[in-house]
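What follows is one structure encoded as structure tokens, with my remarks underneath.
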Amino acid sequence: MNTPTHTPVLLDECLDALAPVLSDDNSVVVDGTLGLGGHSEAILNRFAHATVVGIDRDTAALRLANERLSVFGPRFIGVHSTYDHIAEALATANRTSANGILLDLGISSMQIDESDRGFAYAVDAPLDMRMDQTTGQTAADILREYDEGNLIRIFRDFGEEKLAPRYARAIVAERRESPIVRSEHLVRILNDATPYALKNSGHPAKRVFQALRIEVNGELSILRLAIDNALSALAVGGRLLVLSYHSLEDRIVKVAFAAASTSTAPHSLPVVPVALRAGYRLVFSGARNASADEISRNSRAASVKFRAIERLETAA
Ligand SMILES: C[S@@+](CC[C@H](N)C(=O)[O-])C[C@H]1O[C@@H](n2cnc3c(N)ncnc32)[C@H](O)[C@@H]1O
């Protein structure tokens, strides 16, 4: 196999957003989505006194990142976990709060390229889709066990798939004949179930594969928890940076950031008591995108939405 690669998205923008909060000799950053360590390596290079605690649930990614970042000695600590466990990860560096936290959501190019993991609908592979292959149910388990109603729910809620009932019905009918355990089989079922008039409106498997991946890995529920835990784990003045790649993720981040940066005081109060002031402020309003130049070099950057928030002294 070729050496796995992943080009970090919005790298300079992330480093610039962290720069004001990493001036301290003792700064610590949690990279909750270590992947191959691209963002972490750049953070360790640019901020020579910072320590990075890198979390990944994928043991293969963690092993490769550990090798790549071993040159930084004790300034890098790799942790096998999910990114909602930020406090536990910080404890491995004997810390209780972080100056910076980065979440670069989704899967890495390496995971897509690993043809035996089942993430890519274009390559025939066992329908696994677990980021952490040491635990949990696979996509094939879901296709075997979920009833039609639950399949419709995940295709609709996690894939925003208009043909969810049609696809779920086709899967339930097919699995009575033969188990659906490989991606090529699933793609064929979805293709056959797609009305001719819609055959040209995007690949029929795209949204169903996204939905299965989100369900297999519990991605949205972990993300909601992770944002809350990350906000609590920030030191005063610390910043949380999130890169998301589809609207379901970005909506969760946007809503959580809006709530954290809004005062709970009634509008009628002439002076807002400290306890009711917002505990966080948005580092910039809205979400930033990648430039056309970056997208031309890295197609993965095309869908990125970047948001950042900072903890204020008033945070509870
Ligand atoms: C987009 S990649 C990160 C790439 C990384 N920033 C780099 O530059 O190499 C996302 C990584 O996060 C990991 N990941 C996704 N969800 C996770 C979760 N809930 N907890 C921990 N790691 C997760 C994936 O296994 C993947 O390696």
Side-chain angles (χ1 to χ4, degrees), residues 1-9 33 35-36 38 56-58 60-61 64 104-133 136-144 146 151 154-164 166-171 174-175 178-217 219-220 243-249 290 294-304:
M1 185 175 131
N2 297 332
T3 310
T5 55
H6 177 91
T7 308
V9 172
T33 48
L36 294 185
D56 208 294
R57 69 196 302 186
D58 181 336
L64 290 164
D104 175 20
L105 304 176
I107 51 177
S108 66
S109 308
M110 176 191 87
Q111 289 164 324
I112 296 171
D113 292 345
E114 280 179 335
S115 49
D116 57 341
R117 310 234 357 211
F119 289 117
Y121 53 78
V123 183
D124 184 39
L127 283 163
D128 187 322
M129 295 201 196
R130 289 170 301 168
M131 292 187 206
D132 180 353
Q133 291 188 299
Q137 63 183 353
T138 65
D141 293 336
I142 289 172
L143 292 169
R144 186 180 62 249
Y146 280 28
L151 290 174
I154 63 169
F155 297 161
R156 195 190 47 215
D157 293 355
F158 300 158
E160 301 181 290
E161 175 54 74
K162 293 194 185 68
L163 298 176
R166 201 180 177 107
Y167 288 156
R169 205 177 321 125
I171 287 166
E174 175 71 14
R175 74 186 180 193
S178 67
I180 306 162
V181 292
R182 297 195 64 92
S183 47
E184 190 191 39
H185 189 183
L186 178 58
V187 170
R188 195 165 5 103
I189 297 164
L190 299 173
N191 260 326
D192 291 349
T194 304
Y196 187 75
L198 298 179
K199 288 263 190 230
N200 288 330
S201 55
H203 198 293
K206 186 169 178 224
R207 288 179 294 272
V208 168
F209 271 59
Q210 171 182 300
L212 285 168
R213 197 196 86 198
I214 289 174
E215 177 72 2
V216 164
N217 296 290
E219 289 180 38
L220 301 184
L243 306 180
S244 39
Y245 296 88
H246 58 75
S247 56
L248 297 169
E249 290 171 341
E294 175 167 358
I295 295 168
S296 71
R297 284 180 280 110
N298 181 10
S299 60
R300 195 184 146 69
S303 55
V304 72

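Note that the structure is predicted; figures quoted are calculated from it, not measured. Positions are given from 1 along the sequence.
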For G35, does its backbone N or O pair with a side-chain atom of D58 as donor and acceptor, under 3.5 Å? no
Backbone of L143 reached by a side-chain donor or acceptor of R175 within 3.5 Å: yes
Measure the shortest side-chain to side-chain distance between [X] and [Y] over non-hydrogen atoms and say whether it is less than 4.5 angstrom.
| X | Y | result |
| --- | --- | --- |
| P126 | R117 | no |
| P204 | E161 | no |
| D104 | S244 | no |
| D113 | V123 | no |
| L151 | I142 | yes |
| R207 | F155 | no |
| V187 | F209 | yes |
| L127 | R144 | no |

Specify the closest pair of heavy atoms between [X] and [Y], including all atoms of both residues, with the distance to one decimal.
| X | Y | result |
| --- | --- | --- |
| E249 | G106 | OE2-N, 4.0 Å |
| V9 | N298 | CG2-ND2, 3.7 Å |
| T33 | D56 | C-OD2, 4.1 Å |
| M110 | L36 | SD-CD2, 3.5 Å |
| A164 | R156 | CB-N, 3.9 Å |
| S109 | H6 | N-ND1, 3.0 Å |

Just checking, any donor-acceptor pair under 3.5 angstrom between side chains of [X] and [Y]?
| X | Y | value |
| --- | --- | --- |
| Q133 | T138 | no |
| H185 | E174 | yes |
| Y146 | D141 | no |

Regarding [X] and [Y], does a basic nitrogen lie under 4.0 Å from an acidic carboxylate oxygen?
| X | Y | value |
| --- | --- | --- |
| E294 | R297 | no |
| D124 | R182 | yes |
| R130 | D132 | no |

Distance (rounded to the nearest 0.5 Å) between [X] [atom1] and [Y] [atom2]:
| X | Y | atom1 | atom2 | answer |
| --- | --- | --- | --- | --- |
| L212 | S183 | CG | OG | 11.0 Å |
| S108 | R300 | OG | CZ | 7.5 Å |
| F158 | H246 | CZ | NE2 | 10.0 Å |
| Y121 | I112 | OH | CD1 | 10.0 Å |
| E219 | M131 | CD | CE | 3.5 Å |
| L248 | D157 | CG | CG | 8.5 Å |

Step by step, would you call V304 with I295 a side chain to side chain contact (heavy atoms under 4.5 Å, CB included)? CA-CA 10 Å; V304 72; I295 295 168; over 6 Å; no
Please walk me through it: do L105 and L243 pass side chain to side chain contact (heavy atoms under 4.5 Å, CB included)? CA-CA 6 Å; L105 304 176; L243 306 180; over 6 Å; no
